[in-house]
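Shown next, in structure tokens, is the structure this report addresses.
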4 protein chains.
Amino acid sequence: MTDAPRRRGAERTDAIMLTTLELGREIGYARLSIEAVAARAGVGKHTIYRRWSSKGALLLDSLLSLNESGLDYPDTGDIAADLRAQIYAAVDLLGGPPFGPLFQALVGEAQHDRQVAVTLNERFIAPQADKTVARLKAARDQGQVAPDFDLELAMAILSGPLYFQLLITQEPLTHEYVDRVLDALFAGLRPS
Amino acid sequence: MTDAPRRRGAERTDAIMLTTLELGREIGYARLSIEAVAARAGVGKHTIYRRWSSKGALLLDSLLSLNESGLDYPDTGDIAADLRAQIYAAVDLLGGPPFGPLFQALVGEAQHDRQVAVTLNERFIAPQADKTVARLKAARDQGQVAPDFDLELAMAILSGPLYFQLLITQEPLTHEYVDRVLDALFAGLRPS
Amino acid sequence: MTDAPRRRGAERTDAIMLTTLELGREIGYARLSIEAVAARAGVGKHTIYRRWSSKGALLLDSLLSLNESGLDYPDTGDIAADLRAQIYAAVDLLGGPPFGPLFQALVGEAQHDRQVAVTLNERFIAPQADKTVARLKAARDQGQVAPDFDLELAMAILSGPLYFQLLITQEPLTHEYVDRVLDALFAGLRPS
Amino acid sequence: MTDAPRRRGAERTDAIMLTTLELGREIGYARLSIEAVAARAGVGKHTIYRRWSSKGALLLDSLLSLNESGLDYPDTGDIAADLRAQIYAAVDLLGGPPFGPLFQALVGEAQHDRQVAVTLNERFIAPQADKTVARLKAARDQGQVAPDFDLELAMAILSGPLYFQLLITQEPLTHEYVDRVLDALFAGLRPS
DNA sequence: CTATAAACGAGACGGTACGTCCGGTCTTGCA
DNA sequence: TGCAAGACCGGACGTACCGTCTCGTTTATAG
């Protein structure tokens, strides 16, 4: 109720995550140190270690704290339009500042920190995949998607090319790129 | 040729890269330090810094030293079979030891070391993309691929789902997975 | 009286001091921390800080709790024999476990904690000095000690060589050493 | 010859010891930290740890670096006068600033650091004891000291009372105190 | 066949950060 | 209300590597 002289648990947790994002944006997430976050947040290092087991875990929570709502799908009845809209949103979120660099850093961490990889999947990738699958299922029932399309692969096929652009070629993720990918995926490689 | 008392330039370079791979396999590429490589290789740290500007660069060269031949495409006239064969080879290479962990570590590095990202693309990704595009172009000319298929996207669309599996979900890359992806990509999402 | 679910004041104080001695004996009084004592004693840190202002103060009280009776002098009429007996007792007490190490630690603390030094003198050294002086005074009145002997120096001269052995050379304090010191002190350096 | 841009070995060692003394004098040897010495000396912490295994060892070397010559005995032929002169010198050195507090701190360290105790004896106490014994032996041969005086005890008996004053009662070590102690020791307790 | 220069191993060095431990203060919630 | 439990800030610990920098010591090429 009051602006207590000492912030308690949750408030402190939030303050640390905000400082992480702020400092990360300033000096880059690679150069980020728990030491520096603690100093900037006016917090003992142990207070951070008590909450997160590694820099990756802290980064991950800081990322998720910014996106608690998730990326929800519209359902206008037109699957192509809905997918495009949702992917536009995802790309706008993850393709540029402030999220892009943070997300890149996180996936980097995930390559050498199993725990980060697991948590990233559980809390970010899987929920998004579930939504995608649900929306595609509805579309398939309406005859807008090939009836034999392998829904389990949906997330990999739809977002794989985008992750490739983000992580490997590291070129900008534009709406135009999304359009081209979607067009190609809908059409398929096989000549009609 | 001989186990000379003092190895010369190229031999030393090779020895360092071998030690990097060996030590990386033992303790993980993330925990690898130039200090440790130097000690294990019986080499001064400066001798490593003289050759590589960063751990990422060393890792990258060590990776490439294992795969000087590259992944060549077969051309049997059947694009679906050829793609499958080539991707099998790629997946066999990058999906397990010794390449998989090293490649993962490298992509991790690439997320916070621009130079590694650029070089990884130039020396590993781009050549493979070129070969893929060339093979698809031939297939398109033979009518085995949709004439309006966007060749620039080929690499992203074909390998994106595999990278997604390797880097994000971090689940095993099996031939069966490759088959399913190829089937889906050839068919497209749109109902026929 | 009872092993009540919650012990009260004095019992708790004793329990903390016992834990201090016990833990100190195990890991050494130097490595002792108030944190560890609190944990071992099943007591909040604050409960210790409420009673003692520093580790030195806690150590000091723990020492005194072991020696509430003090070292009393015999008075057989033979000053040399009485001094020897009393110093034997002191040396037996301070020369070995459990007192020796604790006393050493306390003198260590006293070198950088004024309060410990002052209290150690008031509650341990001074009473012993007073008894020594009183016994020597009686002996002097009986003609057993040189009439011009400087009684103020008695404690320093008699126990100084023992403290030197305990604190500086850190060699065992034996009865034989005490005998030699007393012989030398009674005889004096000057040739007769 | 030149004021080299990078100081080497010995110079750095000296600089660290000087900083230790300087900082110790300012904030007290108890509050001294290797961290702070390193920062003040503009030196990496490891450079200190490479040379000294503990704060006590650093303190000890810093002390000894100020007293490389040792305390030499005069030999005027009058043992009482010579002892007095030498003890005056020792007391002037160790009884007050800048040595006194440092020496006190060192003896404090010696109570919980065996290595410090051993080295303190080997490099400071023992040499002084040797000189004392040598001078007393000469005096004894000249008939100035009781022929049966136990020379092995010389150091303990002569300096014990002074250490008692320095470490236990922690009262000022004055020349007057030295005179009284020497008088008492020469006279002995026994009535003549 | 030396003389000179380059490359080298070894590792010291100033730094930065690590993850841990304690000191001493303050808060919470149970009994 | 008094206490255990322990969160909290702060500071130091001792260690690991970073990338730079001497050291002497080979090694190999140019005179």
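Convention: sequence-line order gives letters A, B, ...; per-chain numbering from 1. Bear in mind that the values here come from a model prediction, so they are computed numbers and not experimental data.
- A straight line from NZ of D/Lys55 to P of F/dG14 spans 10 Å, rounded to a whole angstrom.
- Distance, D/Ile48 CD1 to F/dA16 P: 18 Å, rounded to whole Å.
- Listed candidates were E/dG14, F/dC8, E/dG23. Nearest to the side chain of C/Tyr49 is E/dG23.
- Below 30°, between 30° and 60°, or above 60°: for D/Phe124 and D/Phe103 the angle between ring planes is between 30° and 60°, a tilted geometry.
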Protein-nucleic acid N or O pairs under 3.5 Å, nucleotides 10-12 of chain F:
none

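- The salt bridge (charged side-chain N to carboxylate O under 4.0 Å, His left out) test applied to D/Lys45 returns D/Glu35, not counting sequence neighbours.
- Distances shorter than 4.0 Å separate none of the side-chain N or O atoms of B/Thr47 from OP1 or OP2 on E/dA7.
- One finds a side-chain N or O of D/Arg51 lying less than 4.0 angstrom from the OP1 or OP2 phosphate oxygen of E/dC13.
- Contacts of B/Ser53 classified as side chain to side chain donor-acceptor pair (under 3.5 Å), with partners at least two apart in sequence or in another chain: none.
- Atom CD of D/Gln170 sits about 5.0 Å away from atom CD of C/Gln111, to the nearest 0.5 Å.
- Annotation: side chain to side chain contact (heavy atoms under 4.5 Å, CB included) contacts of B/Arg50 (sequence neighbours excluded): B/His46, B/Thr47.
- Among residues two or more places apart in sequence or in another chain, the side chain to side chain donor-acceptor pair (under 3.5 Å) test is passed with C/Ser33 by none.
- Every residue was checked against the side chain to side chain donor-acceptor pair (under 3.5 Å) condition with A/Arg25, not counting sequence neighbours, and none meets it.
- The bend of the helix from E/dC1-F/dG31 to E/dA31-F/dT1, defined by the angle between the axes of its first five and last five pairs, stands at 10° to the nearest 10°.
- As rounded to whole Å, 14 Å separates atom C1' of F/dA7 from atom CD of A/Glu11.
- Rounded to a whole Å, the CG atom of A/Leu58 is 15 Å from the P atom of E/dA17.
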Return a table of donor-acceptor pairs under 3.5 angstrom between the side chains of residues 55-63 of chain C and protein atoms on other chains or two or more places apart.
{"residue": "C/Lys55", "atom": "NZ", "partner": "C/Tyr29", "partner atom": "O", "Å": "3.2"}
{"residue": "C/Lys55", "atom": "NZ", "partner": "C/Ala30", "partner atom": "O", "Å": "2.8"}
{"residue": "C/Lys55", "atom": "NZ", "partner": "C/Leu32", "partner atom": "O", "Å": "3.2"}
{"residue": "C/Asp61", "atom": "OD1", "partner": "C/Arg123", "partner atom": "NH1", "Å": "3.2"}
{"residue": "C/Asp61", "atom": "OD2", "partner": "C/Trp52", "partner atom": "NE1", "Å": "2.8"}
{"residue": "C/Ser62", "atom": "OG", "partner": "C/Leu58", "partner atom": "O", "Å": "2.8"}

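- At whole-Å resolution of the value, CZ in D/Arg40 and P in E/dG14 are 16 Å apart.
- Nearest-nucleotide assignment on DNA chain F puts the 5′-proximal partner with A/Arg50, out of D/Ser53 and A/Arg50.
- Residues satisfying the side chain to side chain contact (heavy atoms under 4.5 Å, CB included) test with A/Arg40, not counting sequence neighbours, are A/Thr19, A/Glu22, A/Leu23, A/Glu26.
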